[in-house]
Student: 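Once you've had a glance at the structure underneath, I'll fire off some questions.
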Amino acid sequence: MAHEKVVVRFPPSPTGYLHIGGARTALFNWLFARQKGGKFILRIEDTDRQRSTDEAAKAILESMEWLGLDWDEGPYFQSRRYDIYEDFIERLISKGQAYHCHCLPNELEQKRKEAMARGLKPKYDGKCRDMGLGPAPGSVVRLKAPLSGITQFHDLIKGSIRFDNEELDDLVLKRSDGSPTYHLAVVADDINLGITHIIRGDDHVNNTPRQILIYKAIGESLPQYAHVPMILGPDRARLSKRHGAMSVLAYRDMGYLPHTLINSLVRLGWSYGDQEKFTIEELINKFSLKNVGKSAGIFNTDKMLDLNARYIRETSNNILAELLTPFLKKSGFHNLDREIVTAVAGTLKMRSKTIREMAEGASFYFQERITYEKKADKKFLKPEILPLLEDITERLQKLPVFTKDVLEKTFVDFLEKNEIKLKKVAQPLRVALTGKTVSPGIFEIMEVLGKDKALDRISNAVVHIRAGK
RNA sequence: GGUCCCAUCGUCUAGGGGUAAGGAUAUCGGCCUCUCACGCCGAAGACACGGGUUCAAUUCCCGUUGGGACUACCA
């Protein structure tokens, strides 16, 4: 007992993509398991055959993999474990803890409405509870729940929580089509898989006493519960599609690093003093349920953007090139030279908050023919800088090597001779080279572009200016 | 409606009977500068309200308000 091995699980239902709330729950479970040297099990809860899809299941696995949350067992699919539930239900029935119920859905719906109308609790009235009925077409199996008393448990995050059993009713365990309901399947599986700790969203707090009742009915000891506060949208409402991108994969596609998402998610609800950035190793060491807060939080990407920018800056150019390549391809740039992409990433990493942004900022490097932004053209490509452009062109042409340092020296001479500041030519040159007013430093750009391309672009600008636009 | 949970800057949070209530991000101002960023400096910004308990409450207790969740043959 004292040295019981920790076994936790993450049980998404494949009715949609993995959203950030689910991802955080998975992360907390994963961290807990890794820290305790325990087991992390992935279980797909697909007992709702109508709403579950294979694509969703695949997207969830892909999300988990992208985040680096590897599981030790599974994925188990509940739809393939019906014999376990069947057996479980039979045991409950034979123990007299569950019974067949012949009430019709519409009849129950009717009763519920009436009860609501009279201001009563809309719970099952227990009509079939003591009738000793057998199975029949269209019948269900219900738990014979206690009519009085209290059910309480100690939540690792929220402390002691108690419920009056009168609030609960005889919940359905087996549907009329023979499939298990959520509560039954969860408990049967958690027992079957030896789950010791259930870390889940606090939207399940109210489900907990129902599930505890099933544990008690079957005579099994309870796991430990830890209910993590929910993540809400900016309007403080439960997360949903209308809050925009909530899917883990969407963040990948927006150019976030998986580590950024992990770090942001863990800090939403959990804290470790004033520390904001954590490596995975640190998280595994430092995570604790004790430091998980009790109140719901709003998912705000401002802070995550900043974190992403920091992580990008810390990532090697090589890895950035690897991450950047798919985004460049999506922009239509193919036959990319790895060395160039690496250099490009190096010039952009200080000013990119996402990899997507980096790709956008990189496009001028790869375009055959750049186009000038209208305002940039008008403001900087003016006839009066023609002499300067011609002068610098001549100097650049003579250079045997085209590196940042050499370029810088060349410009120092050029500026001195002309008695001007870099400021005067930097912007026109930037526009000539990139078409834009915002870019990495002009020397780095020229080095990456190479002598031919750089000179080519400058001479194009000269022609463009002469043509009077 | 009933039940359960929650409440510190806009947001994420630290803290905790006596604090200048700390950090991060976002915002604004300044410096740096070839643009944009980065970096640095600075500003503004919070204990929901009302009662207790106490020499002293933002902190403990109760209530109010507000928010969230659950209340299915969904998970």
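Residue numbers begin at 1 in each chain, while the letters A, B, ... track the order of the sequences.
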Student: Suppose we call two aromatic rings close when their centres sit under 6.0 Å apart. Are A:Phe278 and A:Trp270 close by that rule?
Tutor: yes
Student: So what does A:Cys101 touch, heavy atoms closer than 4.0 Å: a base, only the sugar-phosphate, or nothing?
Tutor: nothing
Student: Side-chain donor or acceptor of A:Asn206 under 3.5 Å from a matching atom on the base of B:rA69?
Tutor: yes
Student: When you compare the side chain of A:Arg49 with that of A:Ser79, does any pair of heavy atoms fall below 4.5 Å?
Tutor: no
Student: From the options A:Arg430, A:Lys424, A:Lys423, select the one residue that forms a side-chain hydrogen bond (donor to acceptor under 3.5 Å, both in side chains) with A:Gln427.
Tutor: A:Arg430
Student: In whole Å, what is the span from the OH atom of A:Tyr124 to the P atom of B:rU71?
Tutor: 19 Å
Student: Below 3.5 Å, does any donor atom in the side chain of A:Thr181 face an acceptor in the base of B:rC73, or the other way round?
Tutor: no
Student: Nearest whole angstrom, please: distance from the C1' of B:rU71 to the CG of A:Leu168.
Tutor: 10 Å
Student: Assess whether one donor atom and one acceptor atom, taken from the side chain of A:Arg351 and the base of B:rC38, lie less than 3.5 Å apart.
Tutor: no
Student: Measure from CD1 on A:Ile298 to P on B:rC6 and round the result to the nearest Å.
Tutor: 18 Å
Student: Touch check for A:Val205, heavy atoms < 4.0 angstrom, all strands: base, sugar-phosphate only, or nothing?
Tutor: sugar-phosphate
Student: Would the base of B:rG23 count as contacting A:Glu276 through its side chain, where contact means a donor and an acceptor less than 3.5 Å apart?
Tutor: yes
Student: Regarding A:Leu422, tell me which of base, sugar-phosphate or nothing describes its non-hydrogen contacts under 4.0 Å with the strands shown.
Tutor: base
Student: Using the C1' atoms only, state how far B:rU8 lies from B:rA46, rounded to an integer number of Å.
Tutor: 6 Å
Student: Between A:Phe414 and A:Phe411, does the ring centroid distance fall short of 6.0 Å?
Tutor: yes
